There are 2 protein chains.
Amino acid sequence: MEKATIKDVADLAGVSPSSVSRSLRGVGGVSAATTERIRAAAESLGYTVSPAAYRLATGRTGTVAVVMPYLTRWFFAELLGGAEAVVREAGLDLLLYHLGDTEIRQRYFSSGILRKRVDGVLLATLALSDPEIHALRSLDVPVCMAGTEVDGFSSVCIDDVSSARRAVQHLVNLGHERIAIIAGDPREPMHFTVPPRRRDGYLAALKAAGLPAGPDLEAQGAFTVEGGEEATVDLLARDVLPTAIFAECDEMAFGALRVLGRVGLRVPEDMSVVGFDNHPMASYFGLTTVAQDVAEQGRMIAWHLVRSAQGNGAKPVRLRAPTHLIVRATTGAPTRRTARAILAGRQPAVAGAKSDSARRSSRPARANGHDPLTRPPMARPAGNKRLATTKEKKG
Amino acid sequence: MEKATIKDVADLAGVSPSSVSRSLRGVGGVSAATTERIRAAAESLGYTVSPAAYRLATGRTGTVAVVMPYLTRWFFAELLGGAEAVVREAGLDLLLYHLGDTEIRQRYFSSGILRKRVDGVLLATLALSDPEIHALRSLDVPVCMAGTEVDGFSSVCIDDVSSARRAVQHLVNLGHERIAIIAGDPREPMHFTVPPRRRDGYLAALKAAGLPAGPDLEAQGAFTVEGGEEATVDLLARDVLPTAIFAECDEMAFGALRVLGRVGLRVPEDMSVVGFDNHPMASYFGLTTVAQDVAEQGRMIAWHLVRSAQGNGAKPVRLRAPTHLIVRATTGAPTRRTARAILAGRQPAVAGAKSDSARRSSRPARANGHDPLTRPPMARPAGNKRLATTKEKKG
DNA sequence: GACTTCAACGCAAGCGGTTGCGTTGAGTGC
DNA sequence: GCACTCAACGCAACCGCTTGCGTTGAAGTC
């Protein structure tokens, strides 16, 4: 009942293994009566085909690989979730690969770990180098990408450029004239392709509106809350301040909100903020943002991958997922008072705004101590009082 | 160079396939000179052993399954990340299974999908039914659990009871006498085992301190931000209000903070809040919480799983991961003014606090519309002005 | 120098399926 | 009644690797 082989089933049903195989596979050539006998025998034995034997005999693995640069970040977790559902539904196995640091990435692509192992590969937003692309091609299985487009591979993307442009256009429409961007750091180890595209959209909107752009309206940071904080702190130290900030992703926007709250700038009265992604916490903060359905993108591309992995000679496609702007409470018309003037009346609290991310990533010490009263420098909440009243004034 | 077999390597090296196999596997019986010739031949051919053939011949799959009830929630993503690193490092494959709804779960456990497919299984915090446990046992491979303990299976857990107790004790030490809990909904579809344990710790702390407990100090919600909001709203509608809230997880605490901010209760002056988990956003909110290193737990249990999957007759172990309390800015001594009195002086803004999660989970419509000006009822930020000054007063 | 010993290596039998092809036998047309 | 057809099924050869066992030949022993 446990590890029955096809021969056991054949014996019990009084036929040959070939007939069992044909019957179970449904390729025909087996009479209805025999099929039923075989089905019953297999059922009673709790028979399962051995994947290993199946793979060896057929040459197909019934497996797809999903390769992710991050597992815990919202976008990737969401994408993975969507893809998993489709892959499982198709009866395929999902092999998960996490590309941690560059070293692992190196090892991964050089030694063909996936060779003979999968029928298809799904990569998430990695900018691939030429050797990497070559390595993937030589796998000789369909490759699909999410968030990036590569010649010869299928992909699903949102239109980052026009989406970002739309978000910034929203700020323009509200009357903003000095719109800053806090952008992803191009030195990002995983070489995201997204940040530059969103910046292009930002620039396009400014250009179309005839508004100023340039280095003094740009700041960079990691694609995280802390990165957003650092970029915003940087921005607030400039000579002339913007009246609105476009964050390339919601996490960065959260960081911006926190810094703004800490220095006493009201949102949106003193500064508008718009994010990108519609992260689950975005509605929590009332963040105006560009929404995309990442799980759906995972489903779309996984569906395509499954199709091509199963041999239907599907040509590479480029899928586009829709986005839409969600206007919430962090954007509004600019006031005449400049942020600089507002800040002038307060103490410059910006200095202490260094991230405590380093501390948090260390392992928990003092496992059983009592109330160590750990109070990190950043232990101050975000948001501010004015924000809470925004809705009433507007509504 | 692409799909070389062991025979190709053997021919090139002028030996038999057996020697190639032995050499590559390092089992001895091959001279140094021959080994080197074989290595060179394999190298030049880009040879990789066929996993399918290897599995069929050896009977071991070189694969472990990781089964998750959620992929996108912080805890599970973190756990998966930790486990993945160890599994990959051990040279095993990681098959990912997501147990979506109950139906999928049913199908999953009944038909032995994993039979003959994996050398080990890692399950994350699911309360298993007896048939499910039986099904897992009949797989006849090591099974490891994270977050739950089951007889005969290895597991890694934090001590939820004592950790929760410590968190509540912290509130007691600050002088709180009416401490409420916002707890996970026991009707949770995935049957988490965690909420009741944390509640037990809460009750133990109250009991030890001789403080009141009971239904009027308890409210329930989902293990999410929205669940925390709903539970808090519920709590605030009681006759007598607490001076502190223990949230069973940080997400619920975030929800509590938002509701408190909206109704104008200052944290921690009017209400202390303590969470559990040290979610990445916890430091953002300055949330006092119990920290646990989930990725490390993933690594611990995965390491054990790998060991037992590789045949070392390791006995089931019960691993305990440490936790520690992190005191930040959301807890403080209670003031004499009761929350009730404070609320009496304000308009009851609690009514509109229904979650907008339903809307968010729907697919993005209006893909190309311009500025739909969607302003959900909840579009107000959390936190409040007073919070920001806590540090100065305390420090 | 004959005999033992043992490292080094090849042979061949699996592992559990799939599948091309050959065989069988009942049903058909004449 | 006989050749023919074709559905139904079995045979056996793979798929690519591992591994027990037998063989070989050089080194060591007395």
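In this text the structure is predicted, and so the values were computed from the model without any measurement. Note on naming: letters A, B, ... go to the chains in the order of the sequence lines (proteins, then strands), and numbering restarts at 1 for each one.
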Take atom [atom1] of [X] and atom [atom2] of [N], then tell me their distance rounded to the nearest Å.
| X | N | atom1 | atom2 | result |
| --- | --- | --- | --- | --- |
| A:Tyr54 | D:dC14 | OH | C1' | 16 Å |
| A:Arg117 | D:dG16 | CZ | P | 16 Å |
| A:Leu45 | C:dG16 | CG | P | 14 Å |
| A:Lys116 | D:dG16 | NZ | P | 8 Å |
| B:Glu36 | C:dC9 | CD | P | 13 Å |
| B:Leu24 | D:dG16 | CG | P | 16 Å |
| B:Ile6 | D:dT19 | CD1 | C1' | 11 Å |
| A:Arg115 | D:dG16 | CZ | P | 14 Å |

From C:dG17, C:dT18, D:dC17, nucleotide with atom closest to A:Ser21 side chain: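 It is C:dT18.
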Touch class at under 4.0 angstrom, heavy-atom based, for A:Val20 against every strand present: nothing
Between the first and last five pairs of the helix from C:dG1-D:dC30 to C:dC30-D:dG1, the angle of the axes, rounded to 10 degrees: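 End-to-end axis angle for the helix from C:dG1-D:dC30 to C:dC30-D:dG1: 50°, rounded to 10°.
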Nearest-nucleotide 5' precedence on DNA chain C, A:Thr5 against B:Arg37: B:Arg37
Distances for protein N/O vs nucleotides 4-8 of chain C N/O pairs under 3.5 angstrom?
none

Holding to side-chain hydrogen bond (donor to acceptor under 3.5 Å, both in side chains), I want the full list of residues that pass it with [X], two or more places apart in sequence or in another chain.
| X | value |
| --- | --- |
| B:Ser154 | B:His304 |
| B:Thr148 | B:Thr193 |
| B:Arg37 | none |
| B:Asp119 | B:Thr61 |

Salt-bridge contact A:Arg115-A:Asp140 (side-chain N to carboxylate O under 4.0 Å):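 No, this pair does not count.
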Cation-pi geometry met for B:Arg73 and B:Tyr70 (6.0 Å, 45°):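 Here B:Arg73 passes the 6.0 Å and 45° test against B:Tyr70.
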Distance under 6.0 Å and angle within 45° of ring axis: A:Arg25 vs A:Tyr54: no
Donor-acceptor contact present, side-chain B:Arg55 to main-chain A:Leu56, <3.5 Å: no
Side chain B:Asp8, main chain B:Thr5, donor-acceptor under 3.5 Å: yes
For B:Arg60, salt bridge (Lys or Arg N to Asp or Glu O under 4.0 Å) partners two or more places apart: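 By the salt bridge (Lys or Arg N to Asp or Glu O under 4.0 Å) rule, B:Arg60 matches no residue at all.
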For A:Glu78, all residues meeting salt bridge (Lys or Arg N to Asp or Glu O under 4.0 Å), sequence neighbours excluded: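 A:Glu78: no salt bridge (Lys or Arg N to Asp or Glu O under 4.0 Å) contacts found.
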Please write out each protein N/O paired with an N/O of nucleotides 20-27 of chain D under 3.5 Å, distance rounded to 0.1 Å.
residue : atom : partner : partner atom : Å
D:dG20  : O6   : B:Arg22 : NH1          : 3.3

Within the structure, does a side-chain N or O atom of [X] lie under 4.0 Å from either OP1 or OP2 of [N]?
| X | N | result |
| --- | --- | --- |
| B:Tyr47 | D:dC17 | yes |
| A:Ser50 | C:dG16 | no |
| A:Arg55 | C:dG17 | no |

By ring-ring contact (aromatic ring centres under 6.0 Å, His included) - contacts of A:Tyr97 (at least two apart): A:Tyr108
Non-neighbouring partners of B:Trp74 that pass ring-ring contact (aromatic ring centres under 6.0 Å, His included), sequence neighbours left out: B:His279
A:Ser31-A:Thr34 side chain donor-acceptor pair, cut-off 3.5 Å: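 Per modelled atom types, A:Ser31 and A:Thr34 side chains form a pair under 3.5 Å.
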Protein-nucleotides 13-15 of chain C N/O pairs closer than 3.5 Å?
residue : atom : partner : partner atom : Å
C:dC15  : O2   : B:Ala57 : N            : 3.4

